[in-house]
Amino acid sequence: MYAIVRAGAKQQKVAVGDVIEIDKSTVAVGESLTLPVVLVVDGDKVTATKLDKASVTAEVLGASKGPKIVIQKYKNKTGYKKRQGHRQKYTQVKVTDISL
């Protein structure tokens, strides 16, 4: 059984036992988190409607960071150079339960 959940602005496919990275959240390490369900697939049965009762429970493992992204801007013959970096912060969670 697996489910498609919404985590921030993204949707991810999860199954029980998966460790995924979602956008940073304020939930403390060791606490549980409920993710909204978009779609549930159980063998041949696909459930896409009436997902009010469906839920995916996950345990927060800790924080992590994504790869460093370097943004450079340059204009020829003007002496204009600009350099900026970004590193996205994530929260690692382990899926513990998918219920319908």
Side-chain angles (χ1 to χ4, degrees):
M1 173 190 278
Y2 68 89
I4 308 294
V5 296
R6 180 175 292 118
K10 300 175 186 170
Q11 295 179 359
Q12 293 186 353
K13 177 182 173 182
V14 296
V16 175
D18 286 353
V19 176
I20 61 169
E21 288 185 336
I22 61 173
D23 291 337
K24 183 181 175 186
S25 67
T26 58
V27 180
V29 176
E31 292 186 10
S32 64
L33 178 72
T34 303
L35 300 171
V37 179
V38 176
L39 179 83
V40 175
V41 178
D42 184 15
D44 295 331
K45 183 179 171 188
V46 177
T47 306
T49 58
K50 299 180 182 177
L51 293 173
D52 301 339
K53 299 175 185 175
S55 66
V56 172
T57 307
E59 178 187 355
V60 176
L61 299 177
S64 64
K65 292 183 180 179
K68 178 83 170 188
I69 297 172
V70 178
I71 301 130
Q72 290 186 338
K73 296 179 181 179
Y74 173 77
K75 290 194 177 179
N76 195 14
K77 299 179 185 174
T78 60
Y80 174 78
K81 288 190 231 178
K82 187 175 182 181
R83 183 175 176 179
Q84 180 181 358
H86 176 75
R87 195 160 182 196
Q88 185 69 33
K89 294 180 175 126
Y90 294 109
T91 300
Q92 284 188 340
V93 297
K94 181 177 183 178
V95 178
T96 56
D97 184 40
I98 298 174
S99 62
L100 290 174

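- Hydrophobic clustering (ILVMFWY, side-chain heavy atoms < 4.5 Å, transitive): Leu61 and Val16 are in distinct clusters.
- With sequence neighbours left out, the side chain to side chain contact (heavy atoms under 4.5 Å, CB included) criterion links Lys53 to no other residue.
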Pairs of donor and acceptor atoms involving the side chains of residues 18-40, under 3.5 Å and at least two apart or interchain, shall be tabulated with distances.
residue	atom	partner	partner atom	Å
Asp18	OD2	Ala15	N	2.9
Glu21	OE2	Ser64	OG	2.9

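- The two atoms that bring Tyr90 and Lys65 nearest to each other are CD1-C, 4.2 Å, heavy atoms only.
- The stretch residues 67-88 participates, sequence neighbours left out, in these side chain to side chain donor-acceptor pair (under 3.5 Å) pairs: His86-Gln88.
- In this structure a side-chain-to-backbone donor-acceptor pair under 3.5 Å is missing from Thr57 to Thr96.
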